[in-house]
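Not measured: the values here are computed from a predicted model. Values below: every heavy atom of this structure, side chains too, minus hydrogens, waters and symmetry copies.
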Amino acid sequence: MIDPSPLGRAWLAPRLSLFFALLLFAGQSLQAGPGQHAVASAHPLATEAGEEILAAGGNAFDAAVAITAALGVVEPQGSGLGGGGFFLLHRSDDAHSVMVDAREMAPAAAHPDLYRDADGEVIPGLSLDGPLAAAIPGMPAALEHLATHYGRLSLEESLAPGIRLAEDGFPVDATFLQMAGFRLPALHDGADAARVFLRGGDLPEEGESIAQPDLAATLRQLADRGRAGFYRGEIAQRLVEGVRAAGGIWTLEDLADYELVEREPVVLHYHGARIVSASPPSSGGVAIGQMLNILAAGGDGHGDDEAQRVHLLVEAMRRAYRDRALYLGDPDHVDIPVARLLSGDYASRLRADIDPDRATPSSALPLDADAVPGPEAPAADRESAQTTHFSVMDAAGNRVAATITLNYPFGSGFMPPGTGVLLNNEMDDFAARPGEPNAYGLIGFEANAIHPRRRPLSSMSPTFVETEDRIAVLGTPGGSRIITMVLQGILAILDGADAEEVVRSRRFHHQYLPDEIEYETTALDPRVQVELARRGHTLSPQLSPFGDMQAIIWDRAHDRLEAASDPRGNGSAVVFTPAPGR
Ligand code: DON
């Protein structure tokens with residue numbers, strides 16, 4: 001036998017194994033999907049709906065339809081047909097990532113003074129309770145869009161679990177009761193909402209079953225006729241009649257003209273990771289990008305000093321939320337300087353302005369010359385059991401991160417008679433007056449003023465984190481805190497945390513105004529608190545937990561798929577192997 005190389009076998013053997021290792025690695029990186037399905041949502045019955053549709057041969061997009069419909073039924077305080085949201089999609093076949101923007105739109109009769117009295121003062125409650133607070137829902141359009149453009153199953157098949165839950169009823173849990181208690185006055189105001197969710201005007205018992213036959217019928221219309229089943233015809237008629245009879249301003253044209261938009265997500269790069277997140281009208285992706293850029297601009301230099309790390313993050317948060325207030329709004333109507341906000345130069349300038357030893361008072365960061373910040377909103381209104389997030393990945397690697405909402409718990413509390421559809425109060429996400437804080441204490445100016453057919457600025461931030469080894473799908477509810485929670489989730493993932501650790505991790509937040517660090521009581525240890533106070537920060541510990549994060553991580557290097565649901569909530573997560581042939 002001829003020796004294969006003048007250098008002999010000793011040379012060839014290790015090189016051959018290197019060759020095979022490389023082949024194996026190439027095979028791995030070509031592998032488009034995890035071979036298993038994963039779902040994480042804020043309610044076990046919604047997770048089961050997703051599981052059912054995946055097991056029936058649906059893909060992640062069909063599962064998203066099923067989970068969305070089910071959440072709207074069993075977690076009516078969080079989301080529903082009468083609301084909207086953002087669906088971040090990744091299709092593995094062609095590596096196509098897109099954001100389906102199903103954000104609500106202001107009705108055509110809306111205007112900047114809608115919630116102000118003759119003196120220009122904002123009338124309390126008007127943008128929160130009742131039909132005047134409701135914008136035109138995007139959710140029914142999203143369900144049809146996902147099913148027809150991305151799903152494998154019919155809309156009817158994917159809506160079936162939700163319809164069943166609406167017909168058969170779901171057991172009331174403690175979170176439902178807590179939120180319904182909080183919104184009792186608004187729920188009382190409308191006969192239909194009270195009839196569906198209350199018992200003799202009072203809260204139902206825990207465990208009692210709530211069936212929603214009207215909602216089941218509306219979902220059926222959607223299943224049979226697609227979006228026309230909601231935005232036109234009999235349901236549209238009832239929605240508009242109900243809204244107008246109770247003082248709202250919707251018209252049939254508003255419904256017929258609702259526009260769902262596919263948008264390019266914001267794509268960020270940080271320490272070798274690719275981060276894909278929500279683009280305007282969400283402020284999430286841009287703000288996360290600004291904060292990551294500020295961190296990267298200084299080489300992150302905090303070493304192992306926890307107080308310094310928190311200080312730096314807080315200063316980055318403060319600056320990103322200042323810019324959120326000034327520049328962000330509906331991209332179809334406002335020129336948002338996204339490239340400038342996300343430029344390295346700008347981040348370096350902001351970073352250079354951060355004093356490593358002192359908090360920058362928010363009052364020292366200029367706002368628009370005319371802007372007078374209003375009074376601070378009470379933080380107590382920023383609960384997390386409103387709005388909801390789910391994450392799903394199928395065996396082929398298709399994935400969805402979706403954050404969906406009615407805004408407040410049970411939205412506006414108003415349900416147009418005979419529809420079963422609880423309407424959102426997303427109009428409160430606009431700036432009702434320049435500098436006036438909304439329910440989450442967020443301020444805004446002309447970029448987020450109320451105008452006909454505009455989308456209110458959002459904080460919802462469904463996100464993908466992609467590194468060489470791992471793909472993560474995550475998001476959370478939590479009003480203005482969503483963005484900083486997702487930021488902390490991203491940083492945890494990049495530090496190597498697994499899905500459980502990511503959803504469990506303690507959270508803190510700063511949003512420019514109020515000028516204070518809000519934190520879960522266990523998030524900052526006493527020494528760090530002292531250090532932060534010494535730097536001039538105002539500390540605001542919060543008794544209620546932050547968020548309800550749902551995360552999936554596919555570790556490609558170790559061929560492992562994980563899903564986790566935040567222990568702060570009642571959700572559930574599953575990973576399972578498809579039956580052969582599915
Ligand atoms: O779009 C937004 O930013 C808000 N409407 C989300 C509200 C929310 O997350 C409430 N949850 N705690």
Side-chain angles (χ1 to χ4, degrees), residues 270 283-298 300-302 305-328 337 340-343 346-368 371-377 379 382 431 435 437-438 440-445 447-448 457 459 461 478-488 490-491 507-520 523-524 528-529 531-542 546:
Y270 179 72
S283 53
V286 172
I288 289 169
Q290 277 192 262
M291 294 185 287
L292 290 175
N293 286 347
I294 291 173
L295 295 185
D300 302 351
H302 51 74
D305 183 340
E306 177 65 3
Q308 198 58 25
R309 189 184 80 89
V310 176
H311 171 70
L312 185 56
L313 273 167
V314 161
E315 293 302 324
M317 292 172 183
R318 183 198 306 280
R319 286 158 176 81
Y321 276 76
R322 188 270 312 265
D323 288 351
R324 179 195 194 280
L326 280 177
Y327 300 114
L328 297 195
R340 189 164 73 74
L341 290 172
L342 290 178
S343 75
Y346 184 50
S348 303
R349 258 181 46 207
L350 292 178
R351 176 66 188 249
D353 171 56
I354 296 176
D355 183 337
D357 299 317
R358 282 313 288 170
T360 312
S362 291
S363 55
L365 293 176
L367 272 171
D368 187 302
V372 187
E376 293 173 358
R382 283 180 259 148
N438 73 357
Y440 303 103
L442 291 167
I443 58 166
F445 300 93
N448 189 31
L457 184 61
S459 303
S461 313
S480 54
R481 296 182 190 136
I482 292 174
I483 304 169
T484 54
M485 286 192 262
V486 171
L487 172 76
Q488 288 164 86
I490 293 168
L491 294 174
R507 295 159 187 155
F508 58 87
H509 172 76
H510 194 293
Q511 62 179 44
Y512 177 70
L513 291 174
D515 188 351
E516 59 190 26
I517 304 176
E518 296 170 1
Y519 58 101
E520 294 183 301
L524 303 176
V528 172
Q529 292 175 31
E531 280 293 308
L532 290 167
R534 195 184 57 74
R535 284 173 174 80
H537 290 286
T538 302
L539 298 176
S540 174
Q542 303 286 312
F546 289 17

Student: Between atom CD of Glu315 and atom CG of Leu365, what is the distance when rounded to the nearest 0.5 Å?
Tutor: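 Nearest 0.5 Å value for the CD-CG distance: 8.0 Å.
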Student: Is the backbone of Arg481 close enough, under 3.5 Å, to the side chain of Gln511 for a donor and an acceptor to pair up by distance?
Tutor: no
Student: Please enumerate all residues that pass side-chain hydrogen bond (donor to acceptor under 3.5 Å, both in side chains) together with Asp353, with sequence neighbours excluded.
Tutor: Arg319
Student: The criterion is salt bridge (charged side-chain N to carboxylate O under 4.0 Å, His left out); which residues satisfy it with Arg535, sequence neighbours excluded?
Tutor: Glu531
Student: Please check: side-chain N/O of Gln488 versus main-chain N/O of Thr484, any donor-acceptor pairing under 3.5 Å?
Tutor: yes
Student: For Thr538, give me all partners under side chain to side chain contact (heavy atoms under 4.5 Å, CB included), at least two apart in sequence or on another chain.
Tutor: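 With neighbours one apart ignored, the set is Glu516.
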Student: Of all heavy-atom pairs between His537 and His311, which one has the smallest distance, and what is that distance?
Tutor: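 Shortest heavy-atom contact: NE2-ND1, 2.8 Å.
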Student: Just checking, any donor-acceptor pair under 3.5 angstrom between side chains of Arg322 and Ser362?
Tutor: no
Student: Of all residues at least two apart in sequence or in a different chain, which pass the side chain to side chain contact (heavy atoms under 4.5 Å, CB included) check with Ala364?
Tutor: Thr360, Pro361
Student: How would you list, by chain and number, every residue that makes a side chain to side chain contact (heavy atoms under 4.5 Å, CB included) with Glu520, sequence neighbours excluded?
Tutor: Arg506, Arg507, Ala523, Pro545, Phe546, Arg568
Student: Rounded to the nearest 0.5 Å, what separates atom CG in Asn448 from atom CZ in Arg324?
Tutor: 7.0 Å
Student: What heavy-atom pair brings Phe445 and Leu367 nearest, and what distance separates the two atoms?
Tutor: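 Distance-wise, the nearest heavy atoms are CE1-CD2, 3.8 Å.
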Student: Under a 3.5 Å distance rule, please check whether His510 uses its side chain to pair with a backbone N or O of Leu313 as donor and acceptor.
Tutor: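 A pair under 3.5 Å: no.
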Student: State whether the side chain of Tyr512 and the backbone N or O of Ala325 hold a donor-acceptor pair below 3.5 Å, judged by distance alone.
Tutor: no
Student: List in chain and number order the residues that pass side chain to side chain contact (heavy atoms under 4.5 Å, CB included) with Pro356, two or more places apart in sequence or in another chain; answer none if no residue qualifies.
Tutor: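 Once residues adjacent in sequence are excluded, the partners of Pro356 under the side chain to side chain contact (heavy atoms under 4.5 Å, CB included) criterion are Gln308.
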Student: Are any side-chain N or O atoms of Gln290 and backbone N or O atoms of Asp323, one a donor and one an acceptor, separated by less than 3.5 Å?
Tutor: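 No, the answer is negative, given that no donor and acceptor are paired below the 3.5 Å cut-off.
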Student: Just by modelled atom types, is the Ala347 backbone N or O under 3.5 Å from a matching donor or acceptor in the Asn293 side chain?
Tutor: no
Student: So Met291 and Met317, do their side chains get closer than 4.5 Å, heavy atoms only?
Tutor: yes
Student: I would like to know whether Ser459 and Leu442 meet side chain to side chain contact (heavy atoms under 4.5 Å, CB included); could you show each step before the answer?
Tutor: CA-CA 10 Å; Ser459 303; Leu442 291 167; 3.9 Å; yes
Student: Does the side chain of Tyr327 come within less than 4.5 Å of Val286's, by heavy atoms?
Tutor: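 Val286 vs Tyr327: side chains apart.
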Student: Between Arg351 and Leu295 (side chain of the first, backbone of the second, donor and acceptor by atom type, cut-off under 3.5 Å), is there such a pair?
Tutor: yes
Student: Determine whether more than 12 heavy atoms belonging to other residues, nucleotides or ligands lie under 6.0 Å from atom CZ of Arg534.
Tutor: yes
Student: Could you tell me whether the side chain of Ser363 reaches within less than 4.5 Å of the side chain of Asp515, counting heavy atoms only?
Tutor: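 The answer is no; the side chains never approach within 4.5 Å.
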